[in-house]
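What follows is a set of notes on a single structure, which appears directly below.
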Protein chains: 2
Amino acid sequence: MVSSKDVAKHAGVSQTTVSRVLNTPELVKPKTVEKVMKAIEELNYIPNDIARSLVQKKTGIITLISGPLHNPFFVDTTTAIVNYVNARGYKVNVYFGTEDNLHSIYNAVLETKADAIILSSMLYQDDLFFKLEKLGIPFIMFNRKHQENRHFVEIDNVQAGYLATNHVLSLGHQSLCWIGGPHQMSTFYGRYQGFARALKEQGIDAKSVPTFFTNTNKQDIESAFEELLKLDKRPTAICAATDAIAIEILNLCLERGFQVPRDFNVIGIDNVELSKHHSISLTTVGITAEENLGFLAIEKLFEVMEKKSTCIQQTESVKLFPRNTTCKNELI
Amino acid sequence: MVSSKDVAKHAGVSQTTVSRVLNTPELVKPKTVEKVMKAIEELNYIPNDIARSLVQKKTGIITLISGPLHNPFFVDTTTAIVNYVNARGYKVNVYFGTEDNLHSIYNAVLETKADAIILSSMLYQDDLFFKLEKLGIPFIMFNRKHQENRHFVEIDNVQAGYLATNHVLSLGHQSLCWIGGPHQMSTFYGRYQGFARALKEQGIDAKSVPTFFTNTNKQDIESAFEELLKLDKRPTAICAATDAIAIEILNLCLERGFQVPRDFNVIGIDNVELSKHHSISLTTVGITAEENLGFLAIEKLFEVMEKKSTCIQQTESVKLFPRNTTCKNELI
DNA sequence: CACCAAAATGGTTACGTATTCATTTCTTTA
DNA sequence: TAAAGAAATGAATACGTAACCATTTTGGTG
């Protein structure tokens with residue numbers, strides 16, 4: 001390993017000067033710069049970013065704790081976040097959290113020196129929030145929020161659930177069902193509230209409507225769907241709490257020979273890129289803004305890092321994206 | 001920032017002992033361990049992994065240079081790689097390379113101390129290969145390989161192109177076309193060779209068949225597809241060099257009111273997870289092994305890091321996965 | 001109790017850089 | 001030409017840890 005000391009010796013200057021050539025060349029005589037650069041070339045010297053991090057107390061690393069990529073939402077957000085961070089000259093440590101490994105990820109992350117953390121895995125009540133505050137580095141949640149109500153960028157989940165439900169109701173569907181995730185996550189809780197509110201406005205009691213609160217892995221969604229098929233009165237419209245669930249429901253429907261929207265209407269929430277593919281063409285509700293939640297969050301995180309902001313509390317408006325998995329209820 | 005020195009002072013021991021408590025507690029008296037642990041608790045001490053990296057010359061970081069996630073192949077491989085690396089207690093620095101940013105990514109990566117590098121972006125002739133060898137740390141390519149023919153895990157690209165082409169030929173299609181990428185990438189080059197060979201076996205000259213060598217972004221694929229539609233004799237089957245291209249072709253077909261496979265047969269290569277979705281159900285050719293290329297490569301990379309192997313040169317066999325985007329040619 | 005080996009602990013240094021402060025060299029001006 | 005100020009360079013140090021070597025303490029044995 002060739003160090004700046006070696007370069008210094010080879011160029012006949014001090015290590016300090018080598019450091020200056022790399023960081024503040026305007027403070028060093030052009031001729032010396034030349035001499036040092038030549039030595040750097042000849043020795044094939046590469047500065048040690050670890051040593052630099054140690055002395056500067058800056059790692060240039062952002063930690064991202066994302067959900068798994070089989071969920072297309074995280075495909076979109078991970079893309080946006082990684083590209084943004086790299087474009088800013090930082091590095092990204094990526095983790096894909098699931099129920100199984102989340103705890104060990106948290107341990108690893110808390111022991112890693114990063115300049116900031118962006119994550120989507122937080123529960124509404126989660127000790128992690130306070131551990132992160134103790135760490136003393138900036139962090140932000142996207143998609144979900146904590147009950148402390150700080151450091152998050154989310155969509156208006158209640159409104160999203162409301163708009164989705166209203167859409168299928170207005171198409172004449174009266175027999176709905178809901179497939180969502182655990183309510184410890186603010187996302188699922190809020191969206192279900194919107195669902196219930198829309199029903200209530202039509203004089204329907206949400207408790208009378210079949211609801212499935214499932215984990216978001218393939219198997220559990222399939223189990224929920226099997227349950228759904230066993231219902232006495234099959235719903236004509238399935239409201240999924242996320243596009244990921246909706247797209248998996250589509251898959252399960254087609255696998256069993258059902259047609260969508262003929263046999264089931266399906267609507268999601270998130271408006272992920274994949275939902276726009278014409279083979280999917282999923283009706284959904286999503287953010288009004290041009291950029292996705294991941295982008296908005298990482299942008300805000302950098303503002304915090306640069307002390308331009310301190311506390312982010314951002315709720316983005318949503319709108320309906322009608323596509324081909326919903327249609328008028330012919331049975332009316 | 002509380003350091004191990006602070007802990008030492010607070011516990012009334014030396015910094016060396018604190019270090020030992022954390023790394024080799026079996027060498028320290030239980031009572032002392034207890035004392036130190038208590039001090040660690042009380043001061044909320046977290047070891048500085050940067051300082052540790054500096055002295056140990058190990059960062060615990062693997063750098064991944066992947067393609068963008070709008071290509072579903074990289075969704076699968078990134079998932080496998082990140083999860084594998086994290087499970088092994090390492091961190092992953094992720095980059096998504098495109099034509100635009102690849103150069104700056106290389107610069108960043110070469111100046112970053114990582115324990116190893118895994119990448120898919122290498123060209124067949126690429127200076128990067130030699131720069132990486134100079135770096136002196138283990139690296140591996142997945143999907144593509146370099147002409148030096150070292151450090152790679154790939155599928156049998158020629159065979160893949162051959163099987164895909166043969167499949168549509170055997171279904172009675174005689175008017176084919178090829179949509180692939182630049183031949184500086186070993187993947188595209190090999191697959192096209194297989195395409196040409198299959199045609200030749202049927203007495204067809206590959207040069208007489210419409211071929212499109214496009215960049216793999218949406219726009220360029222669309223341009224190629226528009227060209228295709230202008231052909232005097234429209235092909236009945238489209239052979240795409242990757243599932244990513246094939247899935248985008250599907251999208252373009254449906255967008256224009258064509259039906260697949262009625263109006264066009266479409267076949268891809270890679271057998272990405274998304275191709276299995278029943279809304280897509282893409283006929284494709286893919287790896288015979290259970291695990292994807294990313295997984296196989298990262299597994300091998302760790303073997304190299306642990307000195308169990310030195311040079312990886314692995315070509316995986318492939319097979320056909322017939323699904324619903326191909327069918328017998330009715331026009332015969 | 002004396003002695004010795006083993007166990008436990010501590011002092012010091014190295015890792016490779018940026019930074020602080022001191023010193024030398026150069027340039028300008030009276 | 002001398003003095004003063006600016007520009008350029010260098011020496012020493014800090015960052016926080018692990019590792020090496022030296023020293024002290026402990027426990028067992030004759």
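Numbered from 1 within each chain, the chains take letters A, B, ... in sequence-line order.
Minimum interatomic distance between B/H183 and B/F188 (heavy atoms only, all atoms of both residues): NE2-O, 3.8 Å. Here the closest heavy-atom approach between residue A/N215 and residue A/P182 is recorded as OD1-CG, 3.7 Å.
With contacts defined as side-chain heavy-atom distances shorter than 4.5 Å, the pair B/M185/B/Y124 does not qualify. Considering only heavy atoms from C-beta on, A/L132 comes within 4.5 Å of A/L110 through its side chain.
For the residue pair B/T17 and B/S14, a side-chain donor N or O sits within less than 3.5 Å of a side-chain acceptor on the partner. Between the side chains of B/N101 and B/T98, at least one donor-acceptor pair of N or O atoms lies under 3.5 Å.
For DNA chain D, the contact window with chain A, defined by any atom under 4.0 Å from a protein heavy atom, covers D/dA8 to D/dG16 in 5' to 3' order. Running 5' to 3' along DNA chain C, contacts with non-hydrogen atoms of chain B at under 4.0 Å begin and end at C/dA8 to C/dG16.
Near DNA chain C, defined here as any heavy-atom distance below 4.0 Å, the residues from residues 44-54 of chain B are B/L54, listed numerically. Within residues 5-27 of chain A, the residues that place at least one heavy atom under 4.0 Å from DNA chain C are, in residue-number order, A/Q15, A/T16, A/S19, A/N23.
For A/F302, the ring-ring contact (aromatic ring centres under 6.0 Å, His included) partners two or more places apart in sequence, or in a different chain, are A/Y84, A/Y90.
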Verdict with supporting geometry, B/S121 and B/Y95, side chain to side chain donor-acceptor pair (under 3.5 Å): CA-CA 10 Å; B/S121 56; B/Y95 297 86; over 6 Å; no
message: With side-chain contact (heavy atoms from CB on, under 4.5 Å) as the criterion, how do B/D115 and B/I61 come out once you've worked through the C-alpha distance, each side chain's angles and the decisive distance to 0.1 Å?
response: CA-CA 6 Å; B/D115 291 345; B/I61 293 178; 5.9 Å; no
message: Please evaluate residues A/M141 and A/I118 with respect to the criterion side-chain contact (heavy atoms from CB on, under 4.5 Å), reporting the C-alpha separation (whole Å), side-chain torsions for both, the decisive distance (0.1 Å), and the verdict.
response: CA-CA 6 Å; A/M141 289 161 269; A/I118 178 166; over 6 Å; no
field: A/L119 and A/L128: CA distance, side-chain angles, deciding distance, side-chain contact (heavy atoms from CB on, under 4.5 Å) verdict
entry: CA-CA 11 Å; A/L119 75 166; A/L128 180 67; 3.6 Å; yes
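Heavy atoms from other residues, nucleotides or ligands lying under 6.0 Å from CD of B/E306 number more than 12. Within 6.0 Å of atom CD in B/E133, more than 12 heavy atoms from other residues, nucleotides or ligands are found, so the atom counts as buried in its surroundings. By the neighbour-count criterion of 12 heavy atoms within 6.0 Å, atom CE of B/M37 is sparsely surrounded, having that number or fewer from other residues, nucleotides or ligands.
Taking the screw axis at each terminus of the helix from C/dC1-D/dG30 to C/dA30-D/dT1 from five consecutive base pairs, the angle between the two is 50° to within rounding of 10 degrees.
Below 30°, between 30° and 60°, or above 60°: for B/H146 and B/F129 the angle between ring planes is below 30°, a parallel geometry.
Nearest-nucleotide mapping onto DNA chain D: of B/K29 and B/Q56, the residue sitting toward the 5' end is B/Q56.
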